[in-house]
Amino acid sequence: MMDPRARIPSVERLLDAAAREGLQDGFGHDRVADAIRLAVAECREALSTADTEGPDWLVGAEVDDPDPYLSRAAELLEEADRPSLRPVLNATGVVLHTNLGRAPLAAEARRAMATVTAGYANLEFDLEAGERGSRYTHCAGLVARLTGAEDALVVNNCAGALALALGALARGRDVAISRGEMVEIGGSFRMPEVAAQAGAGLREVGATNRTRPADYRAAVRAGGIGAILRVHRSNFRITGFTESAPLAELAELAREAGVPLVHDLGSGLMVDPGLVGLPAEPTPAESLARGADLVIFSGDKLLGGPQAGLIAGRADLVRRLRSSPLCRALRVDKAALAALEATLRLYASPEEALARIPALAMLATSVEALEARARTVADAVAPRVPGSLEVVTMEGRVGGGTFPGHAVPSAGLRWTHGPARVHRAAARLRASSTPVVGRVEDGALLLDLRTILPDQDPALVAALVAALIPRPGGEDRSAAG
Ligand SMILES: *Cc1c(COP(=O)(O)O)cnc(C)c1O
């Protein structure tokens, strides 16, 4: 039998065919030639394995037909021109998915960001005095008002804010911390390393499961303590025989000893957790009211804004942080400041915040509402795709290292058609022009509607139809394997 590779069209012939279709007009001769050579190489490579009919993109066509090569070349050229960072549909049910960019921004925040970054802005310019100002004035008043703090500071992210606080308050001394709060936040951001980077030592007190006020008191009496640190156990839980020192008692102890109490809250939820179906945890305002001297929290977790680290509390401590050299290294960007200010303004009314801030609105959506949307999507998709597409209830997560072990009851779609096809469909969904990221569990594709914005439902329908319909000739051949 003739080697099928001998039938691959020549690059010259393919270039002529591409020119007739106008491919070179869009991408230029050299790039088209490179893409065609790549397509030819892919085909040659696939045909070298004895038992294959060629690459997926050739299935159903003849090896000497130029069309599939041109389509493949066009696809390669378009892929190369696609931005690296682009929007995706989050069908994972994880609301603050760190890998998918955490909190989606409110329309108000997006508008403010676009307006401020379109030209110049008074980022560090005092318009009244006509002279240099400080970028740190922009959100400080709002954060202070919303948390009941004397003053506030916004930096690049929460991990940075913590390093800044430890460095400014406890450099050359120790930070007292419970052994039950020696957390790793992720990305190798661990308390001991953070303190070491900040030039502070850690004085571990208590035991992993139980720490009492007396443990902190003993550490303070022994001397050399620059700050007491309470870290929210964001991403894990300790259950069973446990005890931790009440914040108010720690605050009293810190005041007597004359050392600041710093509370790293992580999530930054600023509404009553019950309103979004979450278990009780202190808001920044409550932590300050109970006596923390500084609270530290993220801008893009449950606050629902851009990436930022917020610090609020005693004016003298905030001033020390602001004048630390590390503050300059962690400075917040003007786009983030604009988005943060607009997001914070929505907190003037909790109802407004719940309705307008996507992360909160997603959490506040009822399972019934999600089921209704899932049914509409299923009705549009099911008649056009093979396999079984059902509307089911499922469990999502808050994510972003917050509320560990807390399942968010949710609803969405479940598609089954054999594990191999399900895996291939999941990959095709990720390769969509607007990629869709779902979950594969027990051989089924799960798409959680809670984290899809309602105006993205039509895009989800289009992506599902395109990804779940088998390619002509291709699917069953490879699905058999
Ligand atoms: C998430 C988290 C951080 C880090 O916040 P980033 O915004 O990711 O920098 C710090 N501390 C706690 C307790 C957290 O949960």
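In this text the structure is predicted, and so the values were computed from the model without any measurement. Every number for a ligand or one of its atoms is a count from 1 in the order of the listing. Hydrogens, waters and symmetry mates are skipped; everything else that's a heavy atom, side chains included, is used.
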- Output the list of atoms in ligand 1 that are nearer than 4.0 Å to some heavy atom of Arg102, sorted by atom number.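 That gives atoms 6 (P), 7 (O), 8 (O) of ligand 1.
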
- Message: Distance under 4.0 Å to a non-hydrogen atom of His232: what atoms of ligand 1 satisfy this?
- Response: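 In order of numbering, the contacting atoms are 13 (C).
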
If the contact criterion is a heavy-atom separation under 4.0 Å, does [X] count as touching ligand 1?
| X | result |
| --- | --- |
| Arg230 | no |
| Lys301 | yes |
| Asp264 | yes |

- Distance-minimising heavy-atom pair for Ile296 and Cys158: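 Nearest pair, atom of Ile296 first, then Cys158: CG2-SG, 3.8 Å.
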
- Minimum-distance pair of heavy atoms, taken over all atoms of Ile177 and Val231: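 In this case the closest contact between Ile177 and Val231 is CD1-CG2, 3.9 Å.
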
- Region of Met191 engaging ligand 1 - heavy atom pairs below 4.0 Å: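 Neither part.
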
- Item | Mode of Gln307 contact toward ligand 1 - side chain, backbone, both, neither (heavy atoms, under 4.0 Å) |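 For Gln307, there is no contact with ligand 1 at all, from either part.
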
[X] N/O under 3.5 Å from ligand 1 N/O:
| X | value |
| --- | --- |
| Ser298 | yes |
| Ala159 | yes |
| Val231 | no |
| Ser267 | no |

- Message: In the structure I gave you, are the side-chain heavy atoms of Asp293 and Val262 within less than 4.5 Å of one another anywhere?
- Response: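 A side-chain contact under 4.5 Å is absent here.
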
- Query: Hey, does Asp34 have a side-chain heavy atom less than 4.5 Å from the side chain of Leu76?
  - Reply: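 No, every pair of side-chain atoms sits at 4.5 Å or beyond.
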
- Option from Leu294, Leu164, Leu310 for which side-chain contact (heavy atoms from CB on, under 4.5 Å) with Leu153 holds: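 In the set Leu294, Leu164, Leu310, the residue that makes a side-chain contact (heavy atoms from CB on, under 4.5 Å) with Leu153 is Leu164.
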
- Task: Could you grab the distance from atom CG of Asn122 to atom NZ of Lys334, nearest 0.5 Å is fine?
- Result: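 So the CG of Asn122 and the NZ of Lys334 are separated by 11.5 Å.
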
- Message: For a quick check under 3.5 Å, do His232 and Glu281 share a side-chain donor-acceptor pair by atom type?
- Response: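 Indeed, the side chains of His232 and Glu281 share at least one donor-acceptor pair under 3.5 Å.
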
- Message: When you measure from the side chain of Ser287 to the backbone of Thr283, do you find a donor-acceptor pair of N or O atoms at a distance under 3.5 Å?
- Response: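 No: the side chain of Ser287 does not pair with the backbone of Thr283.
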
